[in-house]
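Structure, as structure tokens:
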There are 2 protein chains.
Amino acid sequence: MSGPAGEVPAAQPVAGLEAAGVPTVRPVPPATVGRLPGYLRALTELSVLGVRTTSSERLAALAGVGSAQLRRDLSWLGSHGVRGVGYDVRRLRGRVADALGVESDLAVVIVGIGRLGHALADYLRAEGGGFRVAALVDTDPGVVGSAVAGLAVEDDKDLEDVVRREGAVLAVLATPVQAAQRVCDRLVSAGVRGILAFTPARLAVPDGVTVRAADVAAELQILAFHTRGTPA
Amino acid sequence: MSGPAGEVPAAQPVAGLEAAGVPTVRPVPPATVGRLPGYLRALTELSVLGVRTTSSERLAALAGVGSAQLRRDLSWLGSHGVRGVGYDVRRLRGRVADALGVESDLAVVIVGIGRLGHALADYLRAEGGGFRVAALVDTDPGVVGSAVAGLAVEDDKDLEDVVRREGAVLAVLATPVQAAQRVCDRLVSAGVRGILAFTPARLAVPDGVTVRAADVAAELQILAFHTRGTPA
DNA sequence: AGTTGTGAATCGATTCACAGCC
DNA sequence: GGCTGTGAATCGATTCACAACT
């Protein structure tokens, strides 16, 4: 048994003006969105390898899903494979990146530059994945001003300015739990629309803002569930 | 819009000897398992607050789900609420922890003590969550032997011995990508049954072993999807 | 009166299997 | 001959709404 993690909270219902003859894009189902990053990675690998064309069978194997599911998922993007041939790797990669909204590197602000924030900054600078680490923010006067991952850490009191300056819509929250909700509120008020929180607490956000919790303890608990039953 | 992350790969089908009069436990659905950690946290909060009894309504609000869903989820655990009254917080907390398999603190080994591994070690030591950080392992001679989170970092070459010594069935993998699959294989051969991987690559594991990927780039990509459409 | 546990209904996601196209 | 895109079938998960119980 195995399997990657990832789930998406809610669908984005699209105004139903289909009747008016406007060809509305059908909303991509949450479960599909959760798999798109896997497809993107697989396609990037193939692309690097110099592969020009791939079948749904091969791509699905790389991404760890069934080929029928892959084809169904791609059909939501209005994809253009060629029957009898397969998909053009480069074109499809572009299509998936576009659907996710990571064509042009999006600005991400990381708040809380402890060991975890530092590690995440390094990782995102190196791996990329379609993002630009635009700024790092912390409260600690001993950290503010120091260089981390090639950026000068900025002062928490300027958080809103930093977010606006960089036009960041995404943020990574790596502060202690106590500060999380306050920082979250300020991020949202400054225009952030998506927050990846490494905090165990549930964060309250207004509609239109998405929070994803990266909760290590919860992940381990789920793993613990699966290791039950076969005690060795 | 908001929502925590978390999904569970596959169900554990139970041998169907119901006909023989044996009261088999019905398998808990994956979606339910994914929500149990949230319930556990909410129940722990209530318990700390000194609350003895709670309704499904209140508990569901704390966990961020609907009350009907909460009741349905708990019904898989054969839970014993009292009609007209609610659930006994302490008892229910025990029941959920038990279902997850985290009643007695499980041993966890962390491999790769870079900044990320160090941060995770600190976090798991502090937050607990039903686990005992049993050992830290790294290859770097400059790190091996140093004290991190109150433990001496051990040498990677002793990985298998360490896992067996501690009887660890869970591991956290925080090594560079290149080493991930090799370390994974060794963990599995030493008896580890669940791996939380902070590596973007898909890991191949035999049946009976569960991998959950904590992929920061993928999470951000999913967030990016939700921020599309409303360019603010 | 208040709340649970659960059938029945609904909704969404996955899989099958094949017509349609290259 | 091979492979995609998708209707139809299946499977699972969520929600409704109420009977059963304290």
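Chain identifiers are assigned alphabetically (A, B, ...) following the order of the sequence lines, protein sequences preceding nucleic acid strands; residue numbering begins at 1 within each chain.
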Calculate, to the nearest 0.5 Å, the distance between atoms CD1 and OG1 belonging to A:I110 and A:T175 respectively.
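A:I110 atom CD1 to A:T175 atom OG1 measures 12.5 Å (nearest 0.5 Å).
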Could you tell me how far apart [X] ([atom1]) and [N] ([atom2]) are, to the nearest whole angstrom?
X: B:D73; N: D:dG12; atom1: CG; atom2: C1'; value: 13 Å
X: A:L70; N: D:dT6; atom1: CG; atom2: P; value: 14 Å
X: A:Q69; N: D:dG7; atom1: CD; atom2: P; value: 18 Å
X: B:E57; N: C:dT3; atom1: CD; atom2: P; value: 9 Å
X: B:H80; N: D:dC21; atom1: NE2; atom2: C1'; value: 14 Å

[options]: which one has an atom nearest the side-chain heavy atoms of [X]?
X: B:P29; options: C:dT15, C:dA17, D:dA13; result: D:dA13
X: B:S75; options: C:dT6, D:dA13, C:dC18; result: C:dT6
X: A:Y87; options: C:dT4, C:dG7, D:dG5; result: D:dG5
X: A:A31; options: C:dA13, C:dT4, D:dT6; result: C:dA13
X: B:R83; options: C:dT14, D:dA20, D:dT4; result: D:dA20

Would you say the side chains of [X] and [Y] form a donor-acceptor pair under 3.5 Å?
X: B:T44; Y: B:R93; result: yes
X: B:R90; Y: B:S47; result: no
X: A:S56; Y: A:R71; result: yes
X: B:D73; Y: B:Q69; result: no

So what does B:R35 touch, heavy atoms closer than 4.0 Å: a base, only the sugar-phosphate, or nothing?
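Since only primed, P, OP1 and OP2 atoms lie under 4.0 Å of B:R35, the category is sugar-phosphate.
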On the nucleotide C:dT4, are OP1 or OP2 found under 4.0 Å from the side-chain N or O atoms that B:S56 carries?
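Checking C:dT4 against B:S56, a side-chain N or O does come within under 4.0 Å of OP1 or OP2.
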Report yes if a donor N or O on one partner sits less than 3.5 Å from an acceptor N or O on the other, where the partners are the side chain of B:R72 and the base of D:dT14; otherwise report no.
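Checked by distance alone, the answer is no.
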In terms of the nearest nucleotide of DNA chain C, which residue is placed more toward the 5' end: A:R71 or B:T54?
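Closest to the 5' end, via its nearest nucleotide, is B:T54.
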Given DNA chain D, 5'-ward residue of the pair A:S55 and B:A68, judged by closest heavy atom
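It is A:S55, whose closest nucleotide lies nearer the 5' terminus.
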